[in-house]
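Note sheet for the following structure.
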Amino acid sequence: MSSLQGLGMMSRRTRLRMIDRLRAEGISDKRVLDVMAETPRHIFLDEAMAHRAYDDVSLPIGYGQTLSQPWVVARMTELLLSLGPRRRVLEIGTGSGYQTAILSPLVHEVISIERIQPLQKKARERHALMNLNNISYFHSDGEFGLESKAPYDAIISTAAPEQVPQSLLDQLAPSGVLVIPVGAQEQRLNLFSRRADEEVFDRIVCESVFFVPLVSGGLVHA
Ligand code: SAH
């Protein structure tokens with residue numbers, strides 16, 4: 001695995017250029033920009049891909065999955081924080097662990113689910129290297145969330161279902177939010193928010209995006 005050093009100094013400058021680009025592309029939440037400026041993105045990729053870490057593209061992480069482009073990570077995090085601070089957050093799709101690492105310092109606790117165990121194992125090692133210790137990991141199918149730990153102040157899915165699973169909405173705490181890409185051919189980011197005192201969900205449809213599909217069942221073991 002790439003170390004925190006090595007590419008480190010070089011990538012700090014590159015990272016600040018990435019932050020300028022994100023700002024130019026409309027990301028305005030300073031908390032998100034600050035965390036992304038400090039988080040080494042290259043350690044979330046295999047050595048052969050690390051040199052592309054700060055390009056504005058999604059990159060392969062193995063098993064047919066991808067690390068989302070920086071703008072998408074920034075935008076989803078910004079949406080998650082847009083309606084107030086969040087304590088307990090459920091993430092569906094740990095993947096490389098990069099989105100998890102961006103969330104970790106911004107919330108109290110992250111509970112992250114992944115169906116492909118080897119990906120989650122690597123993500124965990126990267127987080128340990130960064131001393132992120134408010135993350136818990138579940139190797140399970142996140143299509144219907146994680147009932148045993150509900151309710152959540154926020155749920156973020158980094159894989160796209162064709163339709164929003166009702167169980168994800170049901171697992172939101174009062175005033176909780178769900179950030180999720182939705183759609184088959186054409187996907188849009190969606191922000192759902194639960195009202196404080198009724199079981200009513202408001203929905204805002206945001207930008208077009210392209211995510212890997214949320215897959216039903218079929219766990220992959222190490
Ligand atoms: N947030 C990740 C993006 C990974 S891509 C990152 O920053 O790298 C989406 C991830 O969702 C993949 O790792 C995929 O295996 C996972 N995934 C897809 N369907 C899932 C499901 N039903 N349950 C849990 N994880 C799922």
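As the structure is a computational prediction, the values presented were derived from the model and not from experiment. For ligands, and for the atoms within them, numbers begin at 1 and follow the listed sequence. All values below come from the heavy atoms of this structure, side chains included, with hydrogens, waters and symmetry mates left out.
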Pairwise side-chain contact, Arg88 with His108, heavy-atom cut-off 4.5 Å (strictly under): no
Note every protein N or O atom lying under 3.5 Å from an N or O atom of ligand 1, pairing the names and giving the distance.
from: ligand 1; atom 1: 1 (N); to: Gly93; atom 2: O; distance (Å): 3.2
from: ligand 1; atom 1: 1 (N); to: Thr158; atom 2: OG1; distance (Å): 3.1
from: ligand 1; atom 1: 7 (O); to: Gln99; atom 2: N; distance (Å): 3.3
from: ligand 1; atom 1: 8 (O); to: Ser96; atom 2: N; distance (Å): 3.0
from: ligand 1; atom 1: 8 (O); to: Ser96; atom 2: OG; distance (Å): 2.6
from: ligand 1; atom 1: 13 (O); to: Glu114; atom 2: OE1; distance (Å): 2.7
from: ligand 1; atom 1: 13 (O); to: Glu114; atom 2: OE2; distance (Å): 3.3
from: ligand 1; atom 1: 15 (O); to: Glu114; atom 2: OE2; distance (Å): 2.6
from: ligand 1; atom 1: 19 (N); to: Val215; atom 2: N; distance (Å): 3.0
from: ligand 1; atom 1: 22 (N); to: Asp141; atom 2: OD1; distance (Å): 2.7
from: ligand 1; atom 1: 22 (N); to: Val215; atom 2: O; distance (Å): 2.6
from: ligand 1; atom 1: 23 (N); to: Gly142; atom 2: N; distance (Å): 2.7
from: ligand 1; atom 1: 25 (N); to: Arg115; atom 2: N; distance (Å): 3.4

Run the ring-centre check on His221 versus His139 and record whether the distance is less than 6.0 Å. yes
Any cation-pi pair here, Arg41 with Tyr98, using under 6.0 Å and within 45°? yes
Would you be so kind as to tabulate the donor-acceptor pairs closer than 3.5 Å made by side chains of residues 174-187, with sequence neighbours excluded?
from: Gln187; atom 1: OE1; to: Phe211; atom 2: N; distance (Å): 2.6
from: Gln187; atom 1: NE2; to: Phe211; atom 2: O; distance (Å): 3.0

Could you walk me through whether Gln166 and Phe144 pass side-chain contact (heavy atoms from CB on, under 4.5 Å), step by step? CA-CA 8 Å; Gln166 179 62 36; Phe144 303 109; over 6 Å; no
I'd like to know if Glu109 and Arg87 make a salt bridge, using a cut-off of under 4.0 Å between side-chain N and carboxylate O. no
